[in-house]
Undergrad: 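Attaching a single structure in structure tokens format; questions to follow.
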Amino acid sequence: MSIYRACGKRLFDLVASATLLILFAPLLATLALLVRVFLGAPILFRQVRSGKNRQAFTILKFRTMTNAVDAEGKLLPDGQRLTRLGRFLRATSVDELPELWNVLRGDMSLVGPRPLLRQYDAYYTERELRRFDFLPGITGWAQINGRNELAWDQRLECDVVYVERCSFWFDIKILCFTVVKVLRRDNVHVDADQAETAMDEERRQRAAVI
């Protein structure tokens with residue numbers, strides 16, 4: 001294992017995430033205020049995801065949906081609860097900024113496989129399980145190679161490719177391309193139901209085969 005993989009990557013994450021949290025502090029405070037005023041409390045969305053070695057952790061994002069319910073008191077579909085502010089936060093990817101705290105805590109890395117819901121843990125192939133050898137990332141190889149345009153099997157293959165190729169310069173390349181794609185808003189969908197529905201369908205099909 002390279003020195004970067006062994007300890008350099010974590011050191012880079014610590015320095016970079018601490019620096020970015022300081023630099024983005026005014027923006028984070030402004031976004032938190034907007035979310036509080038227009039969406040209410042809580043300001044942060046918390047969800048349990050699978051991290052390195054499939055250990056559970058709580059991912060942090062800015063909240064993008066309301067708590068609107070139907071006549072029976074059940075939450076409305078995600079797409080109906082996604083507000084204009086929420087769409088803006090997702091389209092610009094700034095809803096992901098609180099994940100810098102996850103990086104600082106050691107739950108995540110700046111670059112790595114995106115953390116997914118734990119309900120999918122049973123459906124990965126032996127090769128795809130390699131994605132859990134590394135800390136999950138805020139961005140990754142899949143995010144700069146199609147992002148939401150990729151089928152889930154392609155995204156997971158990108159995760160494995162990242163694990164195989166991980167190096168300092170590979171991470172720098174991914175981070176640079178991520179900034180460009182975020183600024184251009186490439187391959188971004190803000191339909192709250194679409195991504196998880198597609199994932200559920202593909203995982204159910206895989207489960208049927210398994």
Undergrad: Could you please spell out the steps behind the side-chain hydrogen bond (donor to acceptor under 3.5 Å, both in side chains) verdict for Asp95 and Thr64?
TA: CA-CA 8 Å; Asp95 63 317; Thr64 58; 5.5 Å; no
Undergrad: What's the shortest heavy-atom distance between Pro115 and Gly137, and which atoms?
TA: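 Answer, listing the atom of Pro115 first, then Gly137: CD-O, 3.6 Å.
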Undergrad: Which heavy atom of Val182 sits nearest to which heavy atom of Thr92, and what is that distance?
TA: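 Closest approach of Val182 to Thr92: CG1-O, 3.4 Å.
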Undergrad: Considering only Ile, Leu, Val, Met, Phe, Trp and Tyr, and joining two whenever side-chain heavy atoms are under 4.5 Å apart, list the other residues clustered with Leu183.
TA: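 Same cluster as Leu183: Val179.
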Undergrad: Under 4.5 Å side-chain heavy-atom separation, chaining through any Ile, Leu, Val, Met, Phe, Trp or Tyr, what else clusters with Leu11? Say none if it is isolated.
TA: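 Val15, all in the cluster of Leu11.
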Undergrad: Identify, with sequence neighbours excluded, every residue that meets side chain to side chain donor-acceptor pair (under 3.5 Å) alongside Thr66.
TA: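 Expected list: none.
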Undergrad: Which atom names give the shortest non-hydrogen contact between Leu82 and Arg90, and what distance separates them?
TA: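 That would be CD1-NE, 3.7 Å.
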Undergrad: Quick check: does any side chain N or O of Glu128 sit under 3.5 Å from a backbone N or O of Thr125, one acting as donor and the other as acceptor?
TA: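 Yes; at least one donor-acceptor contact below 3.5 Å.
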Undergrad: Could you give all pairs that pass the salt bridge (Lys or Arg N to Asp or Glu O under 4.0 Å) test and reach residues 21-33, with sequence neighbours left out?
TA: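 Checked against salt bridge (Lys or Arg N to Asp or Glu O under 4.0 Å) - neighbours excluded - no pair reaches residues 21-33.
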Undergrad: Scan residues 5-61 for pairs that pass ring pair (Phe, Tyr, Trp, His ring centres under 6.0 Å), counting only residues two or more places apart or in two chains.
TA: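 Every ring pair (Phe, Tyr, Trp, His ring centres under 6.0 Å) pair that includes a residue of residues 5-61, provided the two are not neighbours, is Phe12-Phe168.
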Undergrad: Tell me which pairs pass salt bridge (Lys or Arg N to Asp or Glu O under 4.0 Å) where either residue lies in residues 59-68, with sequence neighbours left out.
TA: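 Every salt bridge (Lys or Arg N to Asp or Glu O under 4.0 Å) pair that includes a residue of residues 59-68, provided the two are not neighbours, is Lys61-Glu96.
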Undergrad: Do Gln143 and Lys181 have side chains that approach each other closer than 4.5 Å (heavy atoms only, starting at C-beta)?
TA: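 Gln143 vs Lys181: side chains apart.
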Undergrad: Could you name each residue pair satisfying salt bridge (Lys or Arg N to Asp or Glu O under 4.0 Å) that touches residues 167-179, not counting sequence neighbours?
TA: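 Qualifying pairs, neighbours excluded: Lys9-Asp171.
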Undergrad: For Phe170, give me all partners under ring pair (Phe, Tyr, Trp, His ring centres under 6.0 Å), at least two apart in sequence or on another chain.
TA: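 So Phe170 forms a ring pair (Phe, Tyr, Trp, His ring centres under 6.0 Å) with Trp141, Tyr162.
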Undergrad: Apart from Leu76 itself, what residues make up its hydrophobic cluster when side-chain heavy atoms of I, L, V, M, F, W and Y under 4.5 Å apart count as a link, directly or indirectly?
TA: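 Answer for Leu76: none, a lone residue.
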Undergrad: Which residue pairs pass the side-chain hydrogen bond (donor to acceptor under 3.5 Å, both in side chains) test with at least one member in residues 130-139, sequence neighbours excluded?
TA: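 Only Arg130-Glu164, Arg131-Asp159, Thr139-Thr178 qualify under side-chain hydrogen bond (donor to acceptor under 3.5 Å, both in side chains).
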Undergrad: Provide the full list of side-chain hydrogen bond (donor to acceptor under 3.5 Å, both in side chains) pairs with a residue in residues 11-38, sequence neighbours left out, each pair given once.
TA: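 Residue pairs with at least one partner in residues 11-38: Asp13-Ser109.
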Undergrad: Looking at Leu60, Ile59, Leu135, which one forms a side chain to side chain contact (heavy atoms under 4.5 Å, CB included) with Met108?
TA: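 Per the side chain to side chain contact (heavy atoms under 4.5 Å, CB included) rule, the option paired with Met108 is Ile59, out of Leu60, Ile59, Leu135.
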Undergrad: If the condition is side chain to side chain donor-acceptor pair (under 3.5 Å), which residues does Asp107 pass it with, not counting sequence neighbours?
TA: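 Result, side chain to side chain donor-acceptor pair (under 3.5 Å) vs Asp107: Asn102, Arg105.
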